[in-house]
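Since the structure comes first, as structure tokens, the remarks are kept for the end.
Numbering starts at 1 and runs along the sequence shown. Note that ligands are numbered from 1 as they come in the structure, with each ligand's atoms numbered from 1 the same way.
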Amino acid sequence: MSESTWQRRHVISLADFTVPDYELVLQTALSFTEVLSRRNKKVPTLQGKVVANLFFESSTRTRNSFELAAKRLSADTLNFAPGTSSLSKGETILDTARTFLAMGTDIMVIRHQAAGVPSQIALDMDRLGGRVAVLNAGDGKHEHPTQALLDLFTLCSHINPAAPSAKDIKGKKVAIAGDILHSRVARSNLYSLVTNGADVHLAAPPTLLPEEFAEYGVTVHHQLAPALEDADFVMTLRLQTERMSQHLIPSLREYYAQFGITRDRLARCAPQVQVLHPGPVNRGVEISSDLMDDPRLSLIEKQVTNGVAVRMSLLYLMGTLMGSAA
Ligand code: ASP
């Protein structure tokens, strides 16, 4: 496992990630999947380091996955939830972050409902001259880098289980269907998939998929069928009702009728097609319930499992860079 090419103190966005960055994250995650298959799943890599999970917005998978990843690396973990914190007494987000800095936090994992908060905290931490690293765990509709990295790892491990590499996704057709406009998962995946050479097709009603998305280097469809045609993978995204200011779809039933991913619709795809979803899933809205639970067609559980190794990989790379520069 080599961290020699890792130069990023913070991970806020995948916009400037290079192919070697993706490869390094994947290969490091691969070595951690081996660790996680052992009876003793812990390594001492981040012993003495403090990882603080600052989740200003609710989360099930991401928060627990980060906590487990940090614990498997032997870091000490701090957890923060707004309802039980001094935010309810009027403390600002930056003061909250400074409080965790003063307690000796080395890596801050930040989730916030507003785009830009992790980046703002990273700037503040740099200004204070600290050595703390900031990892974006999802900010508004901006980005969710670790979700896209675990998706890439899941895709490549499915294509090439013996020796997955970021190169495996090159030339594969990936259809992304759902609420793309409000999705931070879509944005991070667009950077990751396009940079690694996938043929990406987006499908959603025009209200959830403005034409500007073509600028990412992908094909935009306002119907599902052409996006699914011969697709190797189909990623479905949740309707982000919490971020929809107007009624952007006629009804959930109508949406499912036109864009819901079902077994029948997958008949258009490549024979070995697999379905992904970042969760949480609205069963019977973006994907049919039976399809979601079918292990022959769905990688959804694997995404969750792989999330721990991929987050260990990032914590390791960021934590080790910090240590080597000290
Ligand atoms: N869990 C993902 C996120 O936090 C996807 C979703 O919420 O739909 O963005």
Salt bridge present between R184 and E57 (N-O < 4.0 angstrom):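 Here R184 pairs with E57 in a salt bridge, since their nearest N and O are under 4.0 Å apart.
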Heavy-atom check, side chain of F233 versus side chain of L276, under 4.5 Å: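 The answer is yes, as the side chains (C-beta and beyond) meet within the 4.5 Å cut-off.
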Within-4.5 Å side-chain heavy-atom neighbours: D168 and N160: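 Yes, close enough: below the 4.5 Å cut-off.
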N306 side-chain N/O to K302 backbone N/O, donor-acceptor pair under 3.5 Å: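 Looks like yes, one N/O pair under 3.5 Å.
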T62: which of E67, R111, Q147 passes side chain to side chain donor-acceptor pair (under 3.5 Å):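 When E67, R111, Q147 are each tested with T62, the side chain to side chain donor-acceptor pair (under 3.5 Å) holds only for R111.
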Note the single closest protein heavy atom to [atom], along with its residue, its atom name and the distance in Å.
atom	value
atom 7 (O) of ligand 1	R238 NH2, 3.0 Å
atom 4 (O) of ligand 1	R184 NH2, 2.7 Å
atom 2 (C) of ligand 1	G279 O, 3.5 Å

Under a heavy-atom criterion of less than 4.0 Å, does [X] contact ligand 1?
X	value
G138	no
P280	yes
R111	yes

Test of ring centre spacing under 6.0 Å for F17 and Y191: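 Centroid distance F17-Y191: not below 6.0 Å, so no.
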Parallel, tilted or perpendicular: ring planes of H201 versus H221, cut at 30 and 60 degrees: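 H201 and H221: parallel rings.
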Atom indices of ligand 1 within 4.0 angstrom of V185 heavy atoms, with elements: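 Counting from 1, the qualifying ligand atoms are 2 (C), 5 (C), 9 (O).
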Side chain, backbone, both or neither: Q240 near ligand 1, heavy atoms under 4.0 Å: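 It is the side chain that gets close, since no backbone atom is under 4.0 Å.
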Mode of Q147 contact toward ligand 1 - side chain, backbone, both, neither (heavy atoms, under 4.0 Å):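 The answer is neither.
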